[in-house]
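When reading the values below, keep in mind they use all heavy atoms of this one structure, side chains included, and skip hydrogens, waters and symmetry mates.
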2 protein chains.
Amino acid sequence: MSGSGGSVPKGYDSSAYPSFAVTVDIVILTMWEGRLHVLLVRRGRDPYAGTWALPGGFKRPDETLDDAARRELREETGVIAPKHLAQFGAYGDPGRDPRTNVVTVAYLAVMPDPGGLRAGTDAAAVRLWPVADAVENLPLAFDHHRILSDAIDRAAEQLEQTDLATAFVGETFALSELQSVYEELWQAEIDPANFRRSLTTLTPTTASPDSYVTPTGKRAKASPRGGRPPELFRAGGAWSTQPPVRRPRRPKERPDEA
Amino acid sequence: MSGSGGSVPKGYDSSAYPSFAVTVDIVILTMWEGRLHVLLVRRGRDPYAGTWALPGGFKRPDETLDDAARRELREETGVIAPKHLAQFGAYGDPGRDPRTNVVTVAYLAVMPDPGGLRAGTDAAAVRLWPVADAVENLPLAFDHHRILSDAIDRAAEQLEQTDLATAFVGETFALSELQSVYEELWQAEIDPANFRRSLTTLTPTTASPDSYVTPTGKRAKASPRGGRPPELFRAGGAWSTQPPVRRPRRPKERPDEA
DNA sequence: CAAATAGTGTCTCTGAGACAGTATTGG
DNA sequence: CCAATACTGTCTCAGAGACACTATTTG
């Protein structure tokens, strides 16, 4: 405990503490064309200029971490109101940022399929990437690959415990849309009949004055490849007490071929 | 984006970033006399001198957050090897520390009933508090009350998903010890017969080459109030694939009295 | 018409919970 | 003996999964 206290704030006596920059980084997940996507930005300046990265930036002293996440989300991507935004981890390994000591607080954001923003517009500095590609093939700046992986793990967990699934869909939605959220994040197939039942019928254990989904009476248009048009539902209040779908415990058996 | 870059590190061009102190704070949970306890330290200096607080301290630039947590745990409490230590949140509200801008990263640590350390030795600056008391009655420094609450919530969640329960007990343990961990964290009673079955018998879904618990052949001494001496078990390898006990979904019904 | 998707009805069986009853200790 | 704790056996039933079948669209 040596070191003379230099320009430390008043009233603090000994052993100056080291100084860090604090950032927030945001993993924004959404469903696009039935697949899970993550929103990334291309960095315009060093370090890692030209590399894809999670949107984020420096926390300011007069704002909370949550506010910083909301602000950076808006400034860097134009996303105003994600349906879910929650912190899931902090990352502070030495050297994770070549500039200086940076500790980042990572956020998971979820939004429904965005109308304006589109994947594939390569000229833009912001685009959606399929998460499978982003995790397996794409080089990411800093330790953002690890942060992205952690975010996906966390999202998969939270599907079972919260109403997170409903954050991926719009105000009204077909049950098949919701089902694809679970299937993408859990990498598992779900029987549509059983999925429907678990959402539309309340059981003794999931007793609740409210329901998980309520029919709107309207129907979406059928898919271009035919099929019956699906009924549109709205999310109900039962999610807060008891999420309806539990993650399959038994992984799908692959039949042995002789 | 105004502001002249002042004394910023070399190679970084514009808009200096604000500086923070980064700390780690550790919520250490253990079972003591059948009840869940948290280890707190009494602060020796301002701010909050004399107030009970979570152990913790400043992160150094050359160590990871996990290393900082391990170091502070050792320096402040003498705990060398917790059976569980994992980060669960970051807290950075403006003004949470009156000295300066501090962002803290919170850790959950779990250890078996410590031999040396004892609750109730009031003269000491370190003691175990029953979590119920600490959450409801005890004034804590900074925002440590909120951090403690979050830690307990997280621990309760992780019981269902990981092998966290085994971190509360020693190398060998009676099943009733393990059961009390679940009952304390979930605030629910569990039928001992059903609890035993879920740990000692593997089912088709929990298929595993290994078991959850293996008998050691030894027995503990009976309690001072009588009772059959319990068999001692050792934790097996099946926890990593599929934790054995699921949190009750249906809260205990309180029978209506007419 | 066929293909594709939406939606209904029904069977099975795991495993969680309830609970009766036995075993072994201290007092 | 009784109280207390450990342990065994058995019944029931909710609910997850499998799956056959019907309904409504596009092409």
Is Ala174(B) touching bases, backbone alone, or none of the nucleic acid, heavy atoms closer than 4.0 Å? nothing

dA4(C) C1' sits how many Å from Lys221(A) NZ, rounded? 17 Å

Does any N or O donor sit under 3.5 Å from an N or O acceptor when you compare the side chain of Arg197(B) with the base of dG17(C)? yes

By ring pair (Phe, Tyr, Trp, His ring centres under 6.0 Å) - contacts of Tyr182(A) (at least two apart): Trp186(A), Phe195(A)

Between Glu184(A) (side chain only) and Arg35(A) (backbone N and O only), is there a donor and an acceptor less than 3.5 Å apart? no

Between Glu189(B) (CD) and dT5(D) (P), how many Å, whole number? 13 Å

Would you say Ser176(B) reaches dA6(D)'s phosphate, i.e. side-chain N/O to OP1/OP2 under 4.0 Å? yes

For Ile190(B) and dC19(C), what is the distance between atoms CD1 and P respectively, to the nearest whole Å? 17 Å

Apply side-chain contact (heavy atoms from CB on, under 4.5 Å) to residues Ile28(A) and Met111(A) and explain how you reach the verdict. CA-CA 7 Å; Ile28(A) 311 165; Met111(A) 60 179 180; 3.9 Å; yes

Each nucleotide N or O in nucleotides 22-26 of chain D that has a protein N or O under 3.5 Å away: list the pair and distance.
from, atom 1, to, atom 2, distance (Å)
dA23(D), O4', Arg228(A), NH1, 3.3
dT24(D), O2, Arg228(A), N, 3.3
dT25(D), O2, Gly227(A), N, 2.6
dT26(D), O4', Gly226(A), N, 3.4
dT26(D), O3', Pro224(A), O, 3.1

First locate atom CZ of Arg127(B), then atom OG1 of Thr77(B), and finally report the distance between them rounded to the nearest 0.5 Å. 15.5 Å

In whole angstrom, what separates Glu231(B)'s CD from dT8(D)'s C1'? 13 Å

Roughly, in whole Å, what's the span from CH2 in Trp186(B) to C1' in dA16(C)? 12 Å

Starting at atom CZ of Arg196(A), determine the distance to atom C1' of dT5(C), rounded to an integer number of angstrom. 11 Å

Donor + acceptor pair across side chains of Asp150(A), Tyr91(A) (<3.5 Å): yes

The residue among Leu39(A), Leu40(A), Ile26(A) that forms side chain to side chain contact (heavy atoms under 4.5 Å, CB included) with Leu54(A) is Leu40(A)

Pairs in or reaching into residues 230-245 of chain B: which pass salt bridge (Lys or Arg N to Asp or Glu O under 4.0 Å), with residues at least two apart or in two chains? Glu171(B)-Arg234(B)

Quickly work out the Asp191(B) CG to dA20(C) C1' distance and round it to whole Å. 11 Å

Measure from CD on Gln242(B) to P on dT14(C) and round the result to the nearest Å. 17 Å

